[in-house]
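As structure tokens, the structure follows; a few thoughts come after it.
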2 protein chains.
Amino acid sequence: MAQQKSGHVTLLDIARACGFSVSTVSIVLSEAPLSQNVAASTREQIRTMARQLGYHPDAFARSLRRRHSQTIGVLAYDLTDPYCIPIVRGIQAGLHPTNYLPLLMDAQIQRRLFDSYLKMILERRAEGVIVIASWIFEETNLLADIEKNHVPIIIVGRDLTSRRISSVFVDNEAGGSMAMRHLCELGHRRIAVIRGPEELFDSKPRWTGVRKAATEAGIRIDPRLVFQLPNSVDPFSSFEGGLHCAKQMLASGRSFTAVLAFDDLTALGVVRGLSEVGLRVPEDCSVLGFDDVLPATVSTPAITTIRQPLKEMGLQAVEWALKALEKREQGVDLNPQSHKAVPELVVRKSSSRPPERKSQMR
Amino acid sequence: MAQQKSGHVTLLDIARACGFSVSTVSIVLSEAPLSQNVAASTREQIRTMARQLGYHPDAFARSLRRRHSQTIGVLAYDLTDPYCIPIVRGIQAGLHPTNYLPLLMDAQIQRRLFDSYLKMILERRAEGVIVIASWIFEETNLLADIEKNHVPIIIVGRDLTSRRISSVFVDNEAGGSMAMRHLCELGHRRIAVIRGPEELFDSKPRWTGVRKAATEAGIRIDPRLVFQLPNSVDPFSSFEGGLHCAKQMLASGRSFTAVLAFDDLTALGVVRGLSEVGLRVPEDCSVLGFDDVLPATVSTPAITTIRQPLKEMGLQAVEWALKALEKREQGVDLNPQSHKAVPELVVRKSSSRPPERKSQMR
DNA sequence: TGTTGACATTCAAACGTTTGAATATTAGAA
DNA sequence: TTCTAATATTCAAACGTTTGAATGTCAACA
């Protein structure tokens, strides 16, 4: 009845319905400072009418006028990956006490989608962007556009300070060392290692850390027990990669008492591979993961892993984004920062001392 | 330089920069029909200038003027739950060929957040809303507002046709029957059942299906082997619930050769509980899950489960949402519809024939 | 010469808000 | 009585687009 053609209730509808001007209604409903001057009776009248009609302010009109969207764009490379979720949670948690809202997008590991969502984030005038990408994320030309439009951008999951982008990522080297040290301390000497895919940012430093710790412990890593995941991209593939590597390991005829896997899903793949030939984890062979995602916790045995403080990393990203906005308000451009989060060894059931009889591994 | 105070490049910037009017620029950049009449040289000039300045149209202004947001709100009860993700994927897949964009929100199983995000979806003038909620989702008063503003709403994960809301959900009864039938066919007779939490929509019909199949197979379910998950809410708790039930089962002294768990995470909890007393799955005891989420696939043994066609359910929801929009365009209000998706038995490694010697279970 | 119509471009209003400035009303003070 | 000040409300412009209608130019036709 009082509806506009658009189907949505507007200030004008309310104004007409209770005989005040649009301005007054706006002042009351948006709780502008001037609303103190509005008669209490008027306020009440307007508010009840708004409730009655089911009024909700039009975010488009409001943002247009106020020149603020109160939005932070969050672009995840793949929500399917359990790695992303805790980061998103951290971002949500960080944003919650402010009145910024996350605009969450899932690129599904597709460059095309990544670009089109980034464009959308720009069009929606997000005031900042947080990109979750442990994964390849080369120069999109949109990146330049983001800069031209003065939108602060933070990346979590890899170091892009070289491109002058604030970055939050885990200290992979330290993590790799922790993992190797844990196995050494348990008494393992023949340790198979599954390295991450070539093109993944985390792979190299993690491997460096592993080697350092091995050297420090006086252990030689048999190059024939070093494997590498293929350059694939979706989370499930790293499970299959682990499974495949385990088979190769077993086929190689070399003996080993532990496997240091690139991440948790790889570790789960290894567990599967070992179990298929009747080997038990950890009695016959220890398996270590990295990340600490849900599947590592709920599988049996629970996977010993290097935990990334994902939620905290999300929080950190938000903190910087907000600070950048604040500074921008004052006309200052913030220099890109970087934060190396410290990982943590989580000992669970997939690691133990090596089996007594070495012959057990053929 | 040519920047407005807002920091964003606008049509006016481009117009000034190349000496045409805002209208012409708009017509060219938005590829309006009139742009055929614009001189090719002009078009080129405007386009390159836009690219150079990094122009992106302001979605707020555009939507305001066009009276279309090209957006579908998607409100998930908890992205942490692996159950949600494939549904979201389905929704994305369904939306992709259209030019609607999903506006994805994660309520984190908190009523307050649920409400505030729903409000946000309304304010952003989403043209339709899809709610993912297997979980409690009682009358929000916002629901009434959604109706007042003529926004079509679809729920996936439970049946709310009684409240005149289109619903997509799995045929829980059929699924429950499938699970039980599978165990019976393998030869199990003493089967423990873990029912879902009281307040969860899926719980009752699933249990009905289980009992029906048992009756048909001439099997009596020992009430002392029936357990129930507590009314909790986060996905991890169902793992713990399963673990706890397994302990109770074992403590009860009753013998059983299979456990039919409410969902996959519960099943994984049961596996853990059994393994803690040295029982192996499936050699000593079979375990069945429900849903088919990632952790069920990557754990060892892989969990035999009843698969919900989650992605398809998401697709279905989108299809209806779009149809409702189409109809609304013509002024027709669509009647709420409902779709019971048919589940599917996925046989993996956690189920097998019961062990020969019954004494094995004490 | 005037009319027609195709082509190229611009005008101006509108979308739903917000907000600085303006107006109107009342009460109290000078 | 007029002036000031507080209270209560409205005007009107602006945010960045889009778009129906208007304008202007030019060539071709009658």
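Since we're looking at a predicted model, the values are computed, not measured. Residue numbers begin at 1 in each chain, while the letters A, B, ... track the order of the sequences.
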Interatomic distance, A:Asn149 CG vs D:dG16 C1' [rounded to whole Å]:
14 Å

Main-chain N/O of B:His8 paired with B:Thr10 side-chain donor or acceptor, under 3.5 Å
no

How close or far is atom C1' of C:dT18 from atom CD1 of A:Ile46, stated in whole angstroms?
15 Å

As a test of understanding, state which of A:Glu326, A:Arg328, A:Lys327 forms a side chain to side chain contact (heavy atoms under 4.5 Å, CB included) with A:Leu334.
A:Lys327

Separation of A:Gln45 atom CD from D:dT9 atom C1', in whole Å?
13 Å

Strictly below 4.0 Å: does A:Arg67 bring a side-chain N or O up to OP1 or OP2 of D:dG16?
yes

Please produce a list of atom pairs where a protein N or O lies less than 3.5 Å from an N or O of nucleotides 10-12 of chain D.
| unit_1 | atom_1 | unit_2 | atom_2 | d |
| --- | --- | --- | --- | --- |
| D:dT10 | OP2 | A:Ser21 | N | 2.9 |
| D:dT10 | OP2 | A:Ser21 | OG | 3.1 |
| D:dT10 | OP2 | A:Thr24 | OG1 | 2.6 |
| D:dC11 | N4 | A:Ser23 | OG | 2.9 |
| D:dA12 | N6 | A:Ser23 | OG | 3.2 |

Compare every heavy atom of B:Leu315 with every heavy atom of B:Gly90, then report the nearest pair and how far apart it is.
O-CD2, 3.5 Å

I want to confirm an ordering. Mapping B:Arg66 and B:Asn37 to their closest nucleotides on DNA chain C, which one lands closer to the 5' end?
B:Asn37

Given C:dT19, D:dG16, D:dT18, which nucleotide is nearest the side-chain atoms of A:Ser26?
C:dT19

For the pair made of CZ in A:Arg125 and C1' in D:dC15, what is the distance, rounded to whole Å?
12 Å

For atom CZ of A:Phe60 and atom C1' of D:dC15, their distance in whole Å:
15 Å

Earlier contact from the 5' end, DNA chain D, for B:Leu11 and A:Ala39:
A:Ala39

Could you tell me whether the side chain of B:Asn149 and the main chain of B:Val151 form a donor-acceptor pair under 3.5 Å?
no

When we call it a touch if two heavy atoms are under 4.0 Å apart, what does B:Ser63 touch: a base, just sugar-phosphate, or nothing?
nothing

Check ion pair A:Arg89-B:Asp106 (N to O, under 4.0 angstrom):
yes

Figure out the CZ/P separation between B:Arg16 and D:dG16, and round it to whole Å.
11 Å

From the list D:dT17, D:dA8, C:dG16, which nucleotide is the closest neighbour of the side chain of A:Asp58?
C:dG16

Taking CD from A:Gln70 and C1' from C:dT18, how many angstroms apart are they, rounded to a whole number?
14 Å

Atom of A:Leu325, atom of A:Glu127 and distance for their closest heavy-atom approach:
CD2-O, 3.1 Å

Is the A:Phe169 ring parallel, tilted or perpendicular to the A:Phe201 ring (thresholds 30°, 60°)?
perpendicular

Find the distance A:Leu64:CG to D:dA14:P and express it as a whole number of Å.
14 Å

Want to settle it: does A:Ser41 or B:Arg62 sit nearer the 5' end of DNA chain D, counting the closest nucleotide to each?
A:Ser41

Suppose we call a contact any N or O donor and acceptor under 3.5 Å apart; does that hold for the side chain of B:Arg65 and the base of D:dT17?
no

